Each structure stands twice: as C-alpha cells, then as structure tokens.
Amino acid sequence: MLRRSLPRRPEARRILLGTLLSAIGRGLTLPFLFIYLTDVRGLSDPRAGLVIGWYGAVTLALAPLAGTLIDRFGARRVVLPSLLIEAIGTGSLAVVDSTASAFGVATVIAIGGSAIWSGQNTILASLTADDERQRVYGLNFALLNLGIGVGGLTSGAIVDIARPATFQLIYLLDALSYLTPALILLSLPHIGHRLAAGAPGAKTAGGGYLTVLRDRPFRRLVVFGLVLTTCGYAQIEVGFTAYAVRVAEVTPRVVAWALAGNTVMIVLSQLLVIRRMEGRSRTGGLAVVGAVFAAAWLTLGAAGLIGTGNALVAALGVVACAAIFGFGETMLSPVMPALTNALATDELRGRYNAMSSMIFGISGVIGPVTAGPLIGAADGKVWVAVVVGGCLVASLIALSLRPLLTAIQDGRAPAPEPVAA
C-alpha cells in the first residue's frame, strides 16, 4: 500500500520527505504553545488566546495575497522566503517575555506561514496526476502526523514548566526544522515555477478571486471547512489542551501522549483508509469526518466528567479522544485538498489553495478566542456541546454538496454504459 501511495515523480517524493522532517520540529511545540505562554511566560489565559487568535487573523489577511503571488510568480518564489521567515519567527518564541513581544513574534510567524500550506499543495498538485493526487495528499498528511507524533513524544520527555529553558530548546529546534524543506526545494530548481496556461476556454487568472468565489461547489466546500475546522482543528492547541489539563486534570505529559496516540492512529490507518476511499463519494467521506470528530469530543467530555475521581480513566479518555480524532483526519486529509484541486484550474490553482488555507486562518481566529470562555462556563460542558454540535452541522453541509459535483469530482466511479442486447 505504501508503494502504491507514493507519487510517480521522484521530485514529489523528495517534497514529501521535507514534509516529514519539518513536521518533527512542529510536533515538538504543537501541544504546548498555550501552556508555554501562560504557565511559563506569565500571560493570562485571555491574552494567550488573543495572541494565538492574532496569528490566525494575520494569516487570514495575508492568505489571499499569497495565492495571487503563487499564480503570478510561481510557488517556488513564494514558499522559499516564507520558510525562512517562519524559521525566524518560531525561533523567536524562545525569547518571548511579554504580551507585546508575543504579539510581535506571532505576526512574524503568520507572515511566513500564510503561504507555506497553499504553496506546497500547489507544488504537489503540479507534480502529480489526477489519478494519484488523492493518494499523495493522504500520504503527505500521514507523514506530517508521523513527524508531529515523533516530535510530540520527544518534547513530552523534555519539557518541564519549572525549567523555561526546556521550552526554549524545543522552539529553537522547531525553527531549524523549517530549513529542511527549504533546502530540498533549493535542490530542485526546475519545479515550483509558474504553471502553464490551461486549455482554451478555461478560467483565466484575470478573473482572480471573483472567479473562484463564483464557483458554487467550492463556496459550499469552504463553508463546510469553516464549520468543521472551527469546531475541530482550531480546538487542538487551545480547547483540547486547556480542557484536558484544567477540566480533566491530566498532566501536560498526558497531552503529549494523547497526540502520540493521534499519530499512531493516523500512521496505522491512513494507507488503508486511502485504499478504501478510492471510487467512493468524497462528500460522503466528509460527512463521516464530522460524525467522527463529534464522537472524539464526546469522549473528551466524558473524561472531564470523570476528572480527579479516576485519574487513569481520565487520562485514557484524553488519549482516546485524540486517537478517534486522528481516524477522522485520515478521511479528511486526502479528500479536502484533492477536491479543492479537482475544482481548480492551473491558472487559478494558487488562489484555490490559498482560499482553502484561509479556512484554517478564519477558524484559527474564532477557535482560540472562544475556547477559553466556553471552557470556563459550566466546567467545560458548554464548550463540549458547541464543538459536538458544530461537527454534526458540518456533516449535513457536506451531504448538501454532493448534488453540486460531477461523479468524477466527487470521486465516484462513473456509471457503466448499458450493454447492447
């Protein structure tokens, strides 16, 4: 299954290797930013949430510009400087000592991160054929989470709230990890340039984002993504961590092990899920993702109800939540970018991918800012109810998208032609 999921072109395989190596650095810091800002650097919970939300706001504001630059100049010229800026910003987190400096560093990180996701997806799309793209995006996500899991296990054994230097170390290592994909891209000078014009009559770059926004199926996909990520991914760094530590009363090390459980689930099931989803409805898969995310948050809510009554069961509930969430990710990761690029054209591919990445920017603003107050209400019960309900609403939106897609766009095998008698 692994050989079958690998892209045909060796350049695409090297891009995937860069994803894996840089993800290890990301995993070192992913679960600890909120805890680092509050318990180590002394920021209040609302201020830490605003800092993380500010990152999402800046990323959101710059994402449209990133898509335009990618279409005009090629992903290469945009991604390379973005990786360097991201490395500088991430390393600077090690010296944050106030709210003002935290906002400044978050701004630098957002400037770098605003183009990386859309740029790398555009590069992968240019290196893969339609029949392999969904598999490659799924493999890319599996490698991303494998790296995050390795990094999370490593940082879980390193970090100590009583020793700020341990947090400074992981942020410096994370900064170095961003140089790996940059070096790989530099070693491939012939990829990542501006894509050639499409077929006559296709959408042209002159239409810009107005052309993208007129695409009704893509608009519906964006709405689905906004609801799902706001109640899903956007809750991982703040909502999940804060609820696990303060309501379920588990230690930060349990949070690290939970992310490791998330990774184990993804690594063990991603290739199998990719194989099982071939020829099946992509919108149906997205609907299942919403239901699985809702089940994960219900499991976390049960762990919060147990709390200190049984520390071991509470810890197992937190880990189980992350594992269930990971299973949902294995279905979302190949479908969302594949469907985005199935609707896009080469002339507007950067903009389509940029708008897809804007989903995470918008949810990155809403999720962190609202998670703190919601978790503080009724011992986190309000937060659980909101995120579970939101994920189920996303499932309904996904099902409403199916009539707007062709069978090929939805990933379904075309119906066989009738056989003559």
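Worth knowing before you read on, the calculation uses all heavy atoms, side chains too, and leaves out hydrogens, waters and symmetry mates. Nothing here was measured: the structure is a model prediction, and the numbers come from that model.
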Subject >> Stepwise side chain to side chain donor-acceptor pair (under 3.5 Å) test for Asn140 and Thr19 >> reply: CA-CA 7 Å; Asn140 181 63; Thr19 296; 3.1 Å; yes
Original post:
Under 3.5 Å, is there a donor-acceptor pair between the Thr29 and Asp174 side chains?
Top reply: yes
Original post:
Going by the side chain to side chain donor-acceptor pair (under 3.5 Å) test, which pairs reach into residues 390-399, not counting sequence neighbours?
Top reply: none
Original post:
Could you walk me through whether Arg9 and Thr128 pass the side chain to side chain donor-acceptor pair (under 3.5 Å) check?
Top reply: CA-CA 7 Å; Arg9 295 184 60 172; Thr128 53; over 6 Å; no
**OP:** Give the C-alpha distance, both sets of side-chain angles, the deciding distance and a yes or no for side chain to side chain contact (heavy atoms under 4.5 Å, CB included) between Tyr178 and Ile88.
**Re:** CA-CA 9 Å; Tyr178 280 102; Ile88 294 172; over 6 Å; no
**OP:** Can you tell me which residue pairs pass the ring pair (Phe, Tyr, Trp, His ring centres under 6.0 Å) test with a partner in residues 249-286, sequence neighbours excluded?
**Re:** none
**OP:** If the plane angle is over 60° it's perpendicular, under 30° parallel, otherwise tilted; pick one for Tyr233 and Phe293.
**Re:** perpendicular
Original post:
Distance only, no hydrogens: is a donor on one side chain within 3.5 Å (strictly under) of an acceptor on the other, for Ser98 and Ser101?
Top reply: yes
**OP:** Kindly assign one of parallel, tilted or perpendicular to the pair Trp54 and Phe103, based on the angle between their ring planes and the thresholds 30° and 60°.
**Re:** perpendicular
**OP:** Test side chain to side chain contact (heavy atoms under 4.5 Å, CB included) on Leu343 and Leu405 and set out the steps.
**Re:** CA-CA 9 Å; Leu343 296 170; Leu405 301 175; 4.1 Å; yes
Subject >> Shortest non-hydrogen contact between Asp71 and Gly350, atoms and distance >> reply: OD1-N, 2.8 Å
Original post:
Given the rule in the side chain to side chain donor-acceptor pair (under 3.5 Å) test, do Ser333 and Gln270 qualify, once you have shown the distances and angles that lead to the verdict?
Top reply: CA-CA 9 Å; Ser333 60; Gln270 180 71 85; 3.1 Å; yes
**OP:** Answer yes when Arg282 and Asp410 have at least one side-chain N-carboxylate O distance shorter than 4.0 Å, and no when they do not.
**Re:** no
Subject >> Partners meeting ring pair (Phe, Tyr, Trp, His ring centres under 6.0 Å) with Phe141 (sequence neighbours left out) >> reply: none
**OP:** Evaluate side chain to side chain contact (heavy atoms under 4.5 Å, CB included) for Val384 paired with Leu300, printing each intermediate quantity in order.
**Re:** CA-CA 8 Å; Val384 173; Leu300 183 64; over 6 Å; no
Original post:
Which is it for Thr229 and Ser363 under the side chain to side chain donor-acceptor pair (under 3.5 Å) test, yes or no, and what are the steps along the way?
Top reply: CA-CA 6 Å; Thr229 56; Ser363 62; 3.2 Å; yes
**OP:** Please name the pair of heavy atoms, one in Arg41 and one in Ala94, separated by the smallest distance, quoted to 0.1 Å.
**Re:** NH2-O, 3.0 Å
Subject >> Stepwise side chain to side chain contact (heavy atoms under 4.5 Å, CB included) test for Met336 and Ile359 >> reply: CA-CA 11 Å; Met336 193 74 177; Ile359 293 171; 3.8 Å; yes
Original post:
Without hydrogens or angle criteria, can the side chains of Trp383 and Gln235 be said to hold a donor-acceptor pair below 3.5 Å?
Top reply: yes
Subject >> Residue from Leu127, Leu124, Ile15, Leu6 passing side chain to side chain contact (heavy atoms under 4.5 Å, CB included) with Val136 >> reply: Leu124
Subject >> Modelled atom types, side-chain donor and acceptor of Arg402 and Ser281, under 3.5 Å >> reply: yes
Subject >> Distance-minimising heavy-atom pair for Phe224 and Ala394 >> reply: CD1-O, 3.1 Å
Subject >> side chain to side chain contact (heavy atoms under 4.5 Å, CB included) partner of Tyr171, chosen from Val95, Val105, Leu33 >> reply: Leu33
**OP:** Identify which one of Asp215, Thr122, Thr340 satisfies the side-chain hydrogen bond (donor to acceptor under 3.5 Å, both in side chains) criterion when paired with Tyr352.
**Re:** Asp215
Original post:
Closest approach of Ile148 and Thr263, non-hydrogen atoms and distance?
Top reply: C-OG1, 4.3 Å
Original post:
Side chains of Arg133 and Asn341: do they bring a donor and an acceptor to under 3.5 Å?
Top reply: no
Subject >> Given Ile116, Leu80, Ile111, the one that forms side chain to side chain contact (heavy atoms under 4.5 Å, CB included) with Ile85 >> reply: Ile111
**OP:** Could I get the full list of ring pair (Phe, Tyr, Trp, His ring centres under 6.0 Å) partners for Trp117, not counting sequence neighbours?
**Re:** Phe360
**OP:** Using ring pair (Phe, Tyr, Trp, His ring centres under 6.0 Å) as the criterion, list what pairs up with Phe167, not counting sequence neighbours.
**Re:** Tyr36
Original post:
Can you name the nearest heavy-atom pair linking Ile266 to Thr330, along with the distance?
Top reply: CA-CG2, 3.8 Å
Original post:
Which atoms form the tightest heavy-atom contact between Val273 and Met331, and what is the distance?
Top reply: CG1-CG, 3.7 Å
**OP:** Report the residues that fulfil salt bridge (charged side-chain N to carboxylate O under 4.0 Å, His left out) with Arg47, sequence neighbours left out, ordered by chain and then residue number.
**Re:** none
